[in-house]
Structure formats: structure tokens, C-alpha cells
Amino acid sequence: MEKKREKFGSRMAVIFAMAGSAIGLGNIWRFPYIVGEHGGAAFVLIYIVSTLLISMPVFVAEVSVGRRSRTSAYGALSRLSPNGWVWKAMGLLTVFIPLMIASYYSVIGGWSVNYLIKACSLSFLSQSPDEVTGMFGTFISSSWTPLVFHMLFLAACCMVVAGGVKSGIEKFSKLTIPMLFVLVLVILVYSVTLPGASSGVNYLLRPDFSQLTPRTFAYALGQSFYSLSLGMGCIITYGSYVSSKENILASSAGTAVSDLLFAILAGFAIMPAVFAAGIEPGAGPGLIFQSIPFIFTKMGMQLPLVSTVVSVLFFLTIVVAAMTSCISLVEVGVAYLWDRYSIRRPVGSLIIFMLCGLAGVLCSLSFGPLSSLTVGGKCIFDLFDWFASNILLLLAAFAVVVFVGFVMKKEDVWDEVTNSGAFKVNVKLFNLLYFLIKWVAPAALTLIFITNFIY
Ligand code: PHE
């Protein structure tokens, strides 16, 4: 008996949910930093081209596979192919990767909740800028507090997922995605009007072509894949909830544009403030948890009210953006448990909560008591991130494009993209898209994979 599957209610719902998955920590701290490191505007240009030419076709491929199979990431590929075991294994991988990512992503989510509370309780005002910078190290290396916040954050995400596709994920995304854009715009206006902000604007706008190396291309593509949540089963799973009347090309383009726009806005919201404060933009979590609080503290000495308001808005943005992404990660597992074992959403969410919660404990403690546990110089947290985003994700994305390009019939892809001929799609455009999926994307993925190993 076919089990009833929920669907998203409208095109906007699809775009909001997918944009929710896409817009996350990757846009807020990773994108602005990588842009500066890799030639400013020159990098943005390459990023846009790689998104259009490679990531977007892969995105369309993932949505098509999800919608056509109408099942979670695990069964999607094997359901569409007669000789299933390779694709079953790949499917299993696409369920495993998001669980791995959710485990460490929710640790950072927990840090953001803690910092939101710090902002609300005026913690940044009562200390010196240096104390605030140092506070981060002390916080993450302690045992209990980050764990409690990690669990809280993960529980909140699992609760939204338990609420269902329509009344949980769709409702939450519709509420939060517009809010995220408003928040980032408010912070941007504030940031670019600070004295000395122009060097931050230049940092993002100055095209420095001398910094472009093969590595830049790999970084741009890798970032674009991560940012669009590709290769993790999330988009396949969300694709399985897209109605058969929906235009896949339009919703994929809408999601990619929103994600790109948000990354650029976040860049202009963060970097001008960092430069105005006269600090070097740091990499990774240090940027949002050390540099930015340092700015709030410095600013708070003259303008305590403004500093408090902006700091609350800033950490609220991070918490919400991280939540909508983590929700899509949790959903992959919950959808799998439902499709494969008929485990109901609330129970499924609880199981995923326990699994990721437990794995997250190891990630969280790897900054404190477990910090000496390393493999190849990487602590557990870094290992999870590296293995999932640099190895597994590429492998899963590779499997999907090879599947769509070589296993699925071209007519079936056409059928999916045009909704069995209901939409007029230019044949040349389709052929280009198909070529990009079949040949360019696998080649590009192999290239990033190799580059990741060489450097
Ligand atoms: N796309 C998210 C971001 O930019 C990250 C993410 C990864 C979300 C994997 C879902 C799945 O932060």
C-alpha cells in the first residue's frame, strides 16, 4: 500500500523551504571570509558562474530525482533504477551524511543560541573587548554549557520537523526566511554607515585577479555546493515533497538566487563592520563568535543601546539561519525512517535527536576534554566536517549526477523538467542543462575532489 506523503503547498513554500536549507552558516561566515581571501569581486564572479553552470543543474537533478521517486534520499535512486544495490548504497550514504553534518552543525547552533542569550543579557557590555574575545575559547572548551545549548538547539529543530512538512517545515520557513532578509538588511545598513566601513566594502568589491588559482575555482564550487545543500540528501528529500504541478526550473532558480543574494548581503553586513573596528577578518567560527562580539563591546562603550540591539539582531539571524538548515538535515533522517520503516514523524524525530545529539556530544567535547583525541591533527569536530563536506558530499553529488546523466533516460529527465510537456522549455536550454549535468558536473566534482587532496 502506498503511504500518503505530504507536499509543499505552493511555489513560495518550496522556495522558502529550500532556501531555508541553503541559507545558513555557510552564507554568514564562510562566504564573506572566502571572498576576501580569494580575490574579492573576482571570486564572486567565479562563484556566480559556478553556481549557474554547475550547482544549479545539480540542484535541478536532485529535485527531479526526489520528485520522480517520491521517496526519501535513501530509496530515491534505487526506486528509479532496476539494478538497485549500488544506488541503495549511495542512498544510504545520502542519509548518513546529513546526520553527520547535523551532529556538528547543531553544536555551532548551540553556540549561537548561547551568544544570543549573552547579547540579550548585556554580557558584551560588561567586559572589555579582549575579555569578550577570550570568552569564546573558555566557553567552547567547557564541558557542560555548550552541551546543554547543543541539545536545546537540536531539540528545537527536531520539534519543527516532528510538526510535519506543511505545518512544521513549511510554516517555519515561511515565517523565518523573509525575517532573515529583513534582519540582514538592517544590519547591512548599519554596518556600511559606520566610519571606516569603506575598506570592508572594498575588500568585497575589489577584483584581484592575481589571486586566482585553480584552487580558487575548487573553493568557489565547493562553497557553492555546500551553500546550496547539495550532495546531502536534503534537496532530494525536499524534492520529494514538491507537487507534480510545480515548475522545477523556476523553483530551483528561485532558491539559488535567494541563497546567492543572502550570501552577498551577509558579506556586506559583516565585513564593513569588521574593517570599521580595525580588526583582521578571521576564519571560521572566530569571525562570528570573536571578531563580531569584539565590535559590539567596543561599540557598546559609546552607544550601549545600539550595540545591544544590533548584537541581538545579529545572533538572532545566525540562530534562525542555522535552524532552517539543520531542520533540512534532520528531515532527511526522519523521511528515511518513515519511508523505509513507517516510523512516525514524532518518533522518527526523537530517534534522530538521540543519534545526532549523541554524536554531537563527541563533537562538542572535542574542544574541551576530548581535545587530545585527534586523527591526522584534526579533532572529532573537524574530522566530521572534513569527512562529510570534503569527501562524502562530493561522492553523493557525483552519484546523483551520474545517475541522472547515465542511468535515467533523457526522456524521463525532460518529462520531469517540463512536467510531461505542461511547460514550454526551450529544447536548446534543456540540452545545455542535460549536458551540464551529464558531463560538466561530474568532471567538476572530480576536480574539486582531487584539488581537496592536493592542497
Ligand atoms: N547550506 C547550509 C549553509 O550554507 C549548510 C547545510 C549543509 C545545510 C548541509 C544543509 C545541509 O550553511
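Residue numbers count from 1 along this sequence. Start at 1 and go down the list; that is how both ligands and their atoms are numbered. Just so you know, these numbers come straight off a predicted model, no measurement behind them.
Two rings, from W111 and F289, have their centers less than 6.0 Å apart. Checked against a 6.0 Å centroid threshold, the rings of W439 and F406 count as neighbours.
Atom CZ of F294 sits in a crowded spot, with more than 12 heavy atoms from other residues, nucleotides or ligands closer than 6.0 Å.
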Write 'none' if nothing qualifies; otherwise put on separate lines each N/O atom of ligand 1 with a protein N/O atom under 3.5 Å away and their distance to 0.1 Å.
| unit_1 | atom_1 | unit_2 | atom_2 | d |
| --- | --- | --- | --- | --- |
| ligand 1 | 1 (N) | S21 | O | 3.3 |
| ligand 1 | 1 (N) | A22 | O | 2.9 |
| ligand 1 | 1 (N) | Y226 | O | 2.9 |
| ligand 1 | 1 (N) | S227 | O | 3.0 |
| ligand 1 | 1 (N) | S229 | OG | 3.2 |
| ligand 1 | 4 (O) | A22 | O | 2.9 |
| ligand 1 | 4 (O) | G26 | N | 3.4 |
| ligand 1 | 4 (O) | N27 | OD1 | 3.2 |
| ligand 1 | 12 (O) | L25 | N | 3.0 |
| ligand 1 | 12 (O) | G26 | N | 2.8 |
| ligand 1 | 12 (O) | Y105 | OH | 2.7 |

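Side-chain contact, R5 with S240: a donor N or O sits under 3.5 Å from an acceptor N or O. H150 and S106 are linked by a side-chain donor-acceptor pair at a separation below 3.5 angstrom, with hydrogens and angles left out of the test.
Under the side-chain contact (heavy atoms from CB on, under 4.5 Å) criterion, M12 pairs with S10, F16, sequence neighbours left out.
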